[in-house]
Amino acid sequence: MAEPPVIIWQQEVESVLRYRDLVPRLEDALGKFSRRDRAEVVQPVRAAVPLQKHSGFMGLMPTYMENDGVLSTKFVCFYKREKGSTLPAVQATVVLLDPERGNVKAVMDGEVITTMRTAAVSAISAKLLMASGAEVLAILGTGTQALSHYNIFTEMFSFKEVRVWSRTKENVERFVRSVGGGVRGCGSAEEAVRGADVIVTVTGSTEPVLHGQWVKAGAHVAAVGACRPDWRELDDVLMKSAVVYADSREGALSESGDVILSGAQVFAELGDVINGTRPAEREKTTVFKSLGMGVEDAVSAQLVFDQWTAKQTKP
């Protein structure tokens, strides 16, 4: 008889998950995904169930990694909230299963996993694609994802200046306080991104907030928001002038309004660059369109489970 599943709460996930452990796991997973070997990764495109009454969607993200013995799925609900709403924009739960028996091994809070793995993959995109000697980072957005991106980008890279912008001055001031200063708050998105070497967009916008005419040649953009076919963060000028990368080509072509509505071509997946089958066009303006993948949640959840189990067995 199978053991009952363990429940790993948010605070416990936070206590064991570290970027230094997560980044190499995700790089390996991205490479495996892009090889399209079903013994490595089986992952359908995310299924989205509309929650029309609540202006949201529930996404289902199953993944099986046969060689690694990992089977998981994530349930994630994401919403377009009205300004001033106190309700969360994203809620997630990850379930880890035994692939042989089919029983649930662990149920864990997915907020920290989602936040950290998303930021880590954006940082991997910058590691692969940003120009050498990048000095200025701009972040559009001031929510949870903005903070996680700030944390890993400043941990992995040495920027001389970090700028942040949000639609309200209060949110910018709150963000600057939350990171202990050292960030320049900007009054407009244009002010934040002019001359920036790396730009991260983590907004809830459904219309473009980043315009290509503001972006300097050779900049790298990690676009994280706008995860529906009719939502956008980037305008046509930027999408059509940049070399576009994605985590999943299929995901981008079915879910990304930035890609679909602009008609931009996806040049490569990050895993293609990791595998050496497509080049990193560092000298050109690049866009990484992040949609998030089940395999990212799978390896993150397995890491959490391994670290949590080890912690429980320590004398």
Open item on the list: Please determine whether side-chain contact (heavy atoms from CB on, under 4.5 Å) holds for the pair L96 and V70, giving the CA-CA distance in whole Å, both sets of side-chain angles, and the decisive distance to 0.1 Å.
Closed with: CA-CA 8 Å; L96 202 60; V70 178; 4.2 Å; yes
Task: Intermediate values then yes/no, salt bridge (Lys or Arg N to Asp or Glu O under 4.0 Å), K127 and E27 - done: CA-CA 11 Å; K127 175 183 172 183; E27 288 180 327; 2.8 Å; yes
Task: Residue pair R184, V164: steps toward the side-chain contact (heavy atoms from CB on, under 4.5 Å) verdict - done: CA-CA 6 Å; R184 179 161 75 86; V164 66; over 6 Å; no
TODO: Run the numbers on K74 and T114 for side chain to side chain donor-acceptor pair (under 3.5 Å), then give the verdict.
DONE: CA-CA 9 Å; K74 183 169 79 173; T114 301; 2.8 Å; yes
- [ ] Apply side-chain contact (heavy atoms from CB on, under 4.5 Å) to the pair M65 and V299, showing each step before the final yes or no.
- [x] CA-CA 9 Å; M65 304 179 74; V299 298; 3.6 Å; yes
Open item on the list: Show, in sequence, the C-alpha distance, side-chain angles and deciding distance for L51 and Y79, and conclude whether the side-chain contact (heavy atoms from CB on, under 4.5 Å) test is met.
Closed with: CA-CA 9 Å; L51 308 174; Y79 304 88; 3.9 Å; yes
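When the side-chain contact (heavy atoms from CB on, under 4.5 Å) test is applied to V136, the partners found at least two apart in sequence or on another chain are E161, R163, A196, D197. Taking H211 as the reference, W214 meet the ring pair (Phe, Tyr, Trp, His ring centres under 6.0 Å) condition, with sequence neighbours excluded.
Side chain of S290 to main chain of V224: no donor-acceptor pair is present (N/O by atom type, distance under 3.5 Å, no hydrogens or angles). The main-chain N or O of D37 is never found under 3.5 Å from a side-chain atom of E40 such that the two would form a donor-acceptor pair. Between the side chain of D235 and the main chain of G212, a donor-acceptor pair closer than 3.5 Å is present. In this structure, the side chain of R282 engages the main chain of M130 through a donor-acceptor pair within 3.5 Å. Between the side chain of R278 and the main chain of Y245, no donor-acceptor pair closer than 3.5 Å is present.
By the 4.5 Å heavy-atom criterion applied to side chains, Y150 and T154 are counted as neighbours. Between D230 and T206, every side-chain heavy-atom pair lies at or beyond the 4.5 Å cut-off. Between V104 and D98 the shortest side-chain heavy-atom distance does not fall below 4.5 Å. Residues S34 and I274 fail the side-chain proximity criterion, which asks for heavy atoms closer than 4.5 Å. The side-chain heavy atoms of R46 and S254, taken from C-beta on, include no pair separated by under 4.5 Å. When side chains are defined from C-beta on, E269 does not count as touching D247, because their heavy atoms never get closer than 4.5 Å.
Counting heavy-atom neighbours within 6.0 Å of R167 CZ, excluding the residue itself, gives a total of 12 or less. Around NZ of K80, the count of heavy atoms belonging to other residues, nucleotides or ligands within 6.0 Å exceeds 12. The 12-atom threshold is not exceeded at CD of Q265, counting heavy atoms of other residues, nucleotides or ligands nearer than 6.0 Å. Counting heavy atoms of neighbouring residues, nucleotides and ligands inside a 6.0 Å radius, atom CD of Q312 exceeds 12 of them.
Follow the hydrophobic side-chain contacts under 4.5 Å out from I139 and you reach M156 in the same cluster. Residues M61 and L26 do not share a hydrophobic cluster, defined by chaining ILVMFWY side chains whose heavy atoms lie under 4.5 Å apart. M108 and L71 fall into different hydrophobic clusters, where Ile, Leu, Val, Met, Phe, Trp and Tyr are joined by side-chain heavy atoms under 4.5 Å apart, directly or via other members.
For K289 and D258, the salt-bridge test passes: some basic side-chain N is under 4.0 Å from an acidic carboxylate O. The pair R174-E170 does not meet the salt-bridge criterion, since no charged nitrogen lies less than 4.0 angstrom from a carboxylate oxygen. The residues K105 and E3 are annotated as not salt-bridged, no charged nitrogen and carboxylate oxygen being separated by less than 4.0 angstrom. Under the 4.0 Å criterion applied to side-chain N and carboxylate O atoms, K32 and D28 are assigned as salt-bridge partners. Looking at R117 and D297, a side-chain N of the basic residue comes within less than 4.0 Å of a carboxylate O on the acidic one, giving a salt bridge. Here E66 does not pair with R38 in a salt bridge; the nearest charged N to carboxylate O distance is not below 4.0 Å.
Judged purely by distance below 3.5 Å, without hydrogens or angles, the side chains of S148 and Q145 pair a donor atom with an acceptor atom. Judged by distance alone, the side chains of Q302 and D306 do bring a donor and an acceptor atom under 3.5 Å apart. Remark: the E281 side chain and the T286 side chain contain no N/O donor-acceptor pair separated by less than 3.5 Å. For the residue pair E233 and S205, no side-chain donor N or O sits within less than 3.5 Å of a side-chain acceptor on the partner. Side-chain contact check for T285 and K216: no donor-acceptor pair (N or O, by modelled atom type) lies under 3.5 Å.
Using a 30° and 60° split on the angle between ring planes, F157 and F159 fall in the perpendicular class, above 60°.
Geometrically, R36 engages F33 in a cation-pi contact, judged by NZ or CZ lying under 6.0 Å from the ring centre and within 45° of the ring axis.
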